[in-house]
K.L.:
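Below are the structure tokens for one structure; questions will follow.
Worth saying up front: this structure is predicted, and the values here are computed from it rather than measured. Below, chain A is the first sequence line, B the second, and so on; all start at residue 1.
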Amino acid sequence: MDRADFFEQVYQVVRLIPEGRVTSYGAIAQYLGAKSASRMVGYAMNASHTAHPPVPAHRVVNRNGLLSGKHHFPSATAMQQALEKEGITVIDDQVQDFKNLFWDPNAELAL
DNA sequence: ATGTTGACTTGGA
DNA sequence: GTCCAAGCCAACA
């Protein structure tokens with residue numbers, strides 16, 4: 001664990017995200033103890049495709065519930081489709097009822 | 001070694 | 001409510 005790289009730590013948290021739930025980069029960053037490193041979370045996600053097993057990056061959105069990272073997916077619609085597949089309604093690259101679907105690792109894992 | 005970038009967040013106007 | 005600017009840390013060139 002302590003040996004885990006910043007990327008791996010991010011991957012683990014993302015993989016813990018329940019199906020049909022989403023979280024924000026800041027929440028993950030905060031869980032890692034560096035809320036200011038929210039950008040690093042996104043950066044780590046950029047390399048998520050190199051992670052094994054792959055992480056559900058589609059469940060990670062920005063604080064606005066906007067699919068900010070959809071551009072980085074193999075297809076611009078891949079992220080939205082993945083979310084809808086899990087029962088999440090996405091309109092205009094925006095997660096509907098995001099507040100209700102939000103999954104905070106600090107609240108769920110740090111119980 | 002330094003400088004720039006980035007799937008972000010927060011605060012101020 | 002919106003828009004602009006600054007901060008933050010790690011990886012990449």
K.L.:
Closer than 3.5 angstrom, by distance alone: can the side chain of A/Y11 be matched with the main-chain N or O of A/A44 as a donor-acceptor pair?
P.N.:
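Checked: pair present.
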
K.L.:
Write down the distance between CZ (A/F6) and P (C/dC12), rounded to a whole number of angstrom.
P.N.:
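Distance check: A/F6 CZ to C/dC12 P gives 13 Å.
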
K.L.:
Could you give the distance from CG (A/D93) to CE (A/M79), rounded to the nearest 0.5 Å?
P.N.:
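The distance works out to 9.5 Å.
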
K.L.:
State which of B/dT9, B/dC8, C/dA11 makes the closest approach to the side chain of A/F7.
P.N.:
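Nearest listed nucleotide: C/dA11.
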
K.L.:
Could you write out each protein N or O paired with an N or O of nucleotides 6-8 of chain C at a distance under 3.5 Å?
P.N.:
unit_1: C/dG7; atom_1: O6; unit_2: A/R39; atom_2: NH1; d: 3.1
unit_1: C/dG7; atom_1: O6; unit_2: A/R39; atom_2: NH2; d: 3.0
unit_1: C/dC8; atom_1: N3; unit_2: A/R39; atom_2: NH1; d: 3.1

K.L.:
Quick one: A/F73 CZ to B/dA7 C1', roughly how many Å, whole number?
P.N.:
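Whole-Å distance recorded here is 9 Å.
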
K.L.:
Which residues, if any, of residues 76-104 of chain A bring a heavy atom under 4.0 Å of DNA chain B?
P.N.:
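The stretch gives none, as no residue of it lies under 4.0 Å from the strand.
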
K.L.:
Per the ring-ring contact (aromatic ring centres under 6.0 Å, His included) rule, what does the pair list look like for residues 65-104 of chain A, sequence neighbours excluded?
P.N.:
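ring-ring contact (aromatic ring centres under 6.0 Å, His included) check on residues 65-104 of chain A returns A/F98-A/F102.
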
K.L.:
Check A/A57 against A/S48 and note the closest heavy-atom contact, atom names and distance.
P.N.:
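Of all heavy-atom pairs spanning A/A57 and A/S48, the closest is CB-OG, 4.3 Å.
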
K.L.:
I need the minimum non-hydrogen distance between A/S24 and A/V60, along with the two atoms involved.
P.N.:
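That closest heavy-atom pairing would be C-CG1, 4.5 Å.
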
K.L.:
Taking A/A27's backbone N and O only, do any of them form a donor-acceptor pair with A/D104's side chain (distance below 3.5 Å, no angle check)?
P.N.:
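Not confirmed, A/D104 side chain does not pair with A/A27 backbone.
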
K.L.:
Quick one: do A/I28 and A/V14 satisfy side-chain contact (heavy atoms from CB on, under 4.5 Å)? Show the steps, please.
P.N.:
CA-CA 8 Å; A/I28 298 172; A/V14 175; 3.7 Å; yes

K.L.:
Roughly how many Å is it from CG in A/L66 to C1' in B/dT9, rounded to a whole number?
P.N.:
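Taking CG of A/L66 and C1' of B/dT9, I get 14 Å after rounding.
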
K.L.:
Let me know the distance between OH of A/Y25 and C1' of B/dT9, rounded to the nearest Å.
P.N.:
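These atoms are roughly 13 Å apart.
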
K.L.:
Which residues pass the side-chain hydrogen bond (donor to acceptor under 3.5 Å, both in side chains) test with A/Q94, not counting sequence neighbours?
P.N.:
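A/Q94: no side-chain hydrogen bond (donor to acceptor under 3.5 Å, both in side chains) contacts found.
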
K.L.:
Roughly how many Å is it from CD1 in A/I28 to C1' in B/dC8, rounded to a whole number?
P.N.:
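Whole-Å distance recorded here is 11 Å.
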
K.L.:
To the nearest angstrom, how far is A/R63 atom CZ from B/dA7 atom P?
P.N.:
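Result: 17 Å.
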
K.L.:
To the nearest angstrom, how far is A/N64 atom CG from C/dG1 atom P?
P.N.:
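In whole Å, C/dG1 P and A/N64 CG are 11 Å from each other.
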
K.L.:
At their closest point, which heavy atom of A/L66 faces which heavy atom of A/D92, and how far apart are they?
P.N.:
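Heavy atoms of A/L66 and A/D92 come nearest at CD1-O, 4.1 Å.
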
K.L.:
Report whether A/V55 and A/F6 are members of the same hydrophobic cluster (ILVMFWY, side-chain heavy atoms less than 4.5 Å apart, transitive linking).
P.N.:
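They do share one cluster, since a chain of ILVMFWY contacts under 4.5 Å joins A/V55 to A/F6.
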
K.L.:
Nearest-Å distance, CD (A/Q9) to P (C/dC9)?
P.N.:
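Whole-Å distance recorded here is 16 Å.
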
K.L.:
What closest approach, in Å, do A/R21 and A/I17 show between heavy atoms, and which atom pair accounts for it?
P.N.:
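For A/R21 and A/I17, the tightest heavy-atom pair comes out as O-CG2, 3.5 Å.
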
K.L.:
Kindly express the pairing pattern of DNA chain C in dot-bracket notation, using | wherever a base pairs with another strand and counting only Watson-Crick or G-U pairs under 3.5 Å.
P.N.:
.||||||.|||||

K.L.:
Return the minimal non-hydrogen interatomic distance between A/R59 and A/L83, and the atom names on each side.
P.N.:
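Answer, listing the atom of A/R59 first, then A/L83: CA-CD2, 4.1 Å.
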
K.L.:
Quick check: closest heavy atoms across A/Y25 and A/G69, and the distance to 0.1 Å?
P.N.:
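For A/Y25 versus A/G69, the nearest heavy atoms are OH-N, 4.2 Å.
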
K.L.:
Indicate, with yes or no, if A/Y31 and A/Y43 share a hydrophobic cluster defined by side-chain heavy-atom contacts under 4.5 Å among Ile, Leu, Val, Met, Phe, Trp and Tyr.
P.N.:
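Yes, same cluster.
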
K.L.:
Under 4.0 Å, heavy atom to any atom of DNA chain B: which of residues 43-61 of chain A qualify?
P.N.:
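Output list: A/M45, A/N46, A/S48, A/A57.
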
